[in-house]
Amino acid sequence: AQSVTQLGSHVSVSEGALVLLRCNYSSSVPPYLFWYVQYPNQGLQLLLKYTSAATLVKGINGFEAEFKKSETSFHLTKPSAHMSDAAEYFCAVRSRGSNYKLTFGKGTLLTVNP
Amino acid sequence: GAVVSQHPSWVICKSGTSVKIECRSLDFQATTMFWYRQFPKQSLMLMATSNEGSKATYEQGVEKDKFLINHASLTLSTLTVTSAHPEDSSFYICSASEGRQTYGYTFGSGTRLTVV
């Protein structure tokens, strides 16, 4: 069974600092991986996804993530945090098998301090 | 890009009544739709998966008679919370996919249900 672990339920950074949100997955074969952002009382917006092409994936709003098979990780980064980045971030995994359901991590709340 | 419209965005209902939530894919055919429930400060919990024209597949522990899901067309799925009780109060989110071969899941904006 696939699973996702997000290390750190809350990450706080200063405006302009590096953002690093961690995600590790458990899957028998390399899965599809996603990062979503959720603002209060809203749905989820896709930041980026890994589908077996380039291991370094660039997304919207300056975010990127690197798929590392040896570490079973898919950490999300952004070089310089902006106040508008404050939100909840979810890592999700989808099996490459017939089961195409998404499994979400527990989420990481990012706060950005001025 | 793909857009999923979810309505209403919030609803307050009396205990014992039923509430219907709609999820529409506006510019693509959603062969599969997913319904999630999210408790405050928690992750999304998948409730059920529905394919157009078929009965929904419910996750373990989800009462199918309480949470009725209909996916009658390729652009519309509905979730009806029947005989709602305060413990059903939550944030409900739908998601639509064009099919198994795609990697895109488009989410609705969510519905805040409060049962009083």
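Bear in mind that the values here come from a model prediction, so they are computed numbers and not experimental data. Letters A, B, ... mirror the listed sequences (proteins, then strands); counts begin at 1.
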**Study point:** Heavy-atom proximity to chain B below 4.5 Å, by part of A:Gln38
**Key:** side chain

Practice item. Output yes when a side-chain donor or acceptor of A:Ser14 lies under 3.5 Å from a complementary backbone atom of A:Ala17, and no otherwise. Key: no

Exercise for review: Please confirm whether A:Lys49 makes a cation-pi placement over A:Phe34, using NZ or CZ under 6.0 Å from the six-membered ring centre and within 45° of the ring normal.
Suggested key: no

Exercise for review: Could you tell me whether a side-chain N or O of B:Ser109 sits under 3.5 Å from a main-chain N or O of A:Gln42, the two making a donor and an acceptor?
Suggested key: no

Check your understanding: Just wondering, are more than 12 heavy atoms of other shown residues or ligands nearer than 6.0 Å to CZ in B:Arg112?
Key -> yes

Check your understanding: Is chain A contacted by the side chain of B:Gln38, its backbone, both, or neither, given a heavy-atom distance below 4.5 Å?
Key -> side chain

**Study point:** A:Phe90 portion near chain B, given a 4.5 angstrom heavy-atom threshold
**Key:** side chain

